[in-house]
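Take a look at the structure set out below.
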Amino acid sequence: MNVRLTRRSALGLFGLSTLAACAPSTSAPTPAGTEGLKDDGVKEFPLTSWSYNEAVTKQPMTDAIAKYTAANAGVKITTPSYPYNDYLNQLLLQVQGGQLAGAVQLDVAWLATLAATGKLVDLKSVATGLDYAPAALALGQSGGAQYGLPWTFAGIGLISNQELLTKAGVTSTPKTVAEFEAALTAVKGLGGGIVPWAGMTKVDQLKDIIPWMWEFGSPIVQDGKIVIGDDGSVEALTWYKKLYDQKLIAPDVNRVDARALMSQGKTAFYEDAIGGKATVTKSSPDKDLGTKMVPVARPVKNAGDKPRHLAWGQVIAVMNGSGAAAAANFAKTVTTEQGYTIDWFTKTGLPPTTNAGLADSAVKNDKFATDFTAQIGANSSASPFWIYPQFSQMEKVLAEEVQSILIGKKSPKDALSSARDRMNALIK
């Protein structure tokens, strides 16, 4: 499923082809279907998002909406938004109350959960014949329906501050866990309040431990059952706890904190999606920081192993009901027409999902984007939990047990065995 690509082929595919087989798939209620897309004449609809709630993406989204409404007479788009960390809960509350309508920005991890409500429109008729890269299109599919149109896609991986590494005497990119640990130790020697690795230690982002468990040999899910508590996952958490105890990672860090540390030049490594760079550089006092940020393939346990990363992406889904056809046309336009997709990439760093967009010179000539693709996107896989509508509860259970390891309440074996049993109970 994960194959090594050359820099050229990774650029051409933008890391998408390796993930076609990894797209979430689950049994779900029958979707609203194409009847939900019959034009009811309603041209006003909401676009619910988290991007309108974030400084880096609010203005680009405002620009895209203004451009679209100017080109489509009578269309009006409202912009309800919620913070990312509370977004899924808010959506589910809105669905439960019958209030969620129009177009909805979704993290690909949430697709099965929203599909399970039976309220999403099948957009297959909209997507047919469009220029989406096949694996990007697959990310919007669940239970045989096309619930979302892909907006952007890549992975989550390590990003380094090369200036700090050079100061610490780290002259080559660490490729193994042992080399990575040695690099972190060297950075710690710089002092000055620098956190060698802004790894996730707050509950809300401890799902980042998943690819590290992969690297240490755990399948995590096997034959439909959670199997953490196995040798690979225990070894991964024993290693992570050691780094925590040695202060090579810091307590109480989530993605927002990690971005702040990178922005201030106070960490040599942190993990993020491709769009995180824009957030980091926008708030940094170092105007040259962007040139020092380099994507790094996840260090492997043994030389020659393949790096593993969590896939990441966004789709636009459409709720069944008033204005669905107008919302679907908006989703199609902003995810396929290069006047929108390349402008979005230029302003946010988030890559397009069409073949034409990926081949555009703005994308191909962006070194950070091409390096991110080659080092991270090309070796990314869907989370093993995404196929379950209960995935968010499962990730919360895992995060709680991992935190209990970090603070010394439980051993890795006991905590992960507890997580396994609790998670399996959720899917019975």
Side-chain angles (χ1 to χ4, degrees), residues 1-25 64 103 105-112 122-142 144-157 273-275 295 309-318 328-346 348-383 386:
M1 186 159 55
N2 289 314
V3 297
R4 291 193 181 280
L5 302 180
T6 64
R7 180 182 175 88
R8 174 176 290 182
S9 63
L11 172 59
L13 296 173
F14 222 86
L16 294 173
S17 64
T18 60
L19 290 144
C22 300
S25 175
Q105 179 186 20
L106 290 180
D107 187 307
V108 295
W110 304 331
L111 191 66
D122 187 348
L123 299 173
K124 183 176 181 180
S125 63
V126 178
T128 299
L130 297 178
D131 186 41
Y132 295 115
L137 190 62
L139 284 176
Q141 297 167 2
S142 183
Q146 187 72 49
Y147 286 113
L149 299 182
W151 198 1
T152 190
F153 180 67
I156 295 176
I274 191 169
H309 305 93
L310 275 177
W312 172 90
Q314 301 170 22
V315 299
I316 301 179
V318 174
N329 188 67
F330 170 81
K332 177 184 73 172
T333 302
V334 299
T335 60
T336 60
E337 292 189 10
Q338 283 180 255
Y340 292 90
T341 63
I342 300 305
D343 186 59
W344 186 249
F345 171 74
T346 301
T348 67
L350 298 173
T353 55
T354 61
N355 294 306
L358 296 170
D360 190 276
S361 60
V363 178
K364 294 174 69 175
N365 294 336
D366 186 306
K367 188 176 187 307
F368 183 87
T370 57
D371 286 349
F372 197 100
T373 299
Q375 299 299 323
I376 296 167
N379 292 298
S380 296
S381 301
S383 166
W386 288 355

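Residue Ile342 comes nearest to Gly357 through the heavy atom pair CD1-O, 3.8 Å, listed as atom of the first residue, atom of the second, then distance. When every heavy atom of Ala136 is checked against every heavy atom of Pro150, the shortest pair comes out as O-CB, 3.4 Å. Taking each heavy atom of Ala311 and Ala382 in turn, the nearest pair found is CB-N, 4.0 Å. Annotation for Ala328 and Leu149: closest pair O-CD1, 4.4 Å, computed over non-hydrogen atoms. Closest approach of Tyr147 to Leu123, counting heavy atoms only: O-CD1, 3.8 Å. Counting all heavy atoms, side chain and backbone alike, Thr335 lies closest to Thr353 at O-OG1, 4.0 Å.
Sequence neighbours left out, the pairs with a member in residues 333-343 that pass salt bridge (charged side-chain N to carboxylate O under 4.0 Å, His left out) are Asp343-Lys347.
Here Ile376 contributes atom CD1 and Leu310 contributes atom CG; the two are 11.5 Å apart, rounded to the nearest 0.5 Å. Atom CD of Gln105 and atom CH2 of Trp110 lie 7.5 Å apart (nearest 0.5 Å). To the nearest 0.5 angstrom, Trp312 atom CH2 is 4.5 Å from Leu350 atom CG. The line from CD of Gln314 to CG of Leu106 is 9.5 Å long, rounded to the nearest 0.5 Å. Interatomic distance, CG of Asp366 versus OG1 of Thr346, reported as 8.5 Å (0.5 Å rounding). Rounding to the nearest 0.5 Å places CG of Asn355 at 12.5 Å from CG of Asp360.
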* Asked: What's the verdict on side chain to side chain contact (heavy atoms under 4.5 Å, CB included) for Val108 and Val315, showing C-alpha distance, side-chain angles and the deciding distance?
  -> CA-CA 6 Å; Val108 295; Val315 299; 4.0 Å; yes

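The side chain to side chain donor-acceptor pair (under 3.5 Å) test with Lys367 is passed by exactly one of Asn365, Asp371, Thr370: Asp371.
Here the side chains of Tyr132 and Thr336 are in contact, with some heavy-atom distance below 4.5 Å. In this structure, Pro351 and Phe153 have side chains that are not in contact, with every pair of non-hydrogen atoms separated by 4.5 Å or more.
Distance alone, capped at 3.5 Å, places no donor-acceptor pair between the Gln375 side chain and the Gly377 backbone. Looking at Gln146, its side chain does come within 3.5 Å of a backbone N or O of Leu137 through a donor-acceptor pair.
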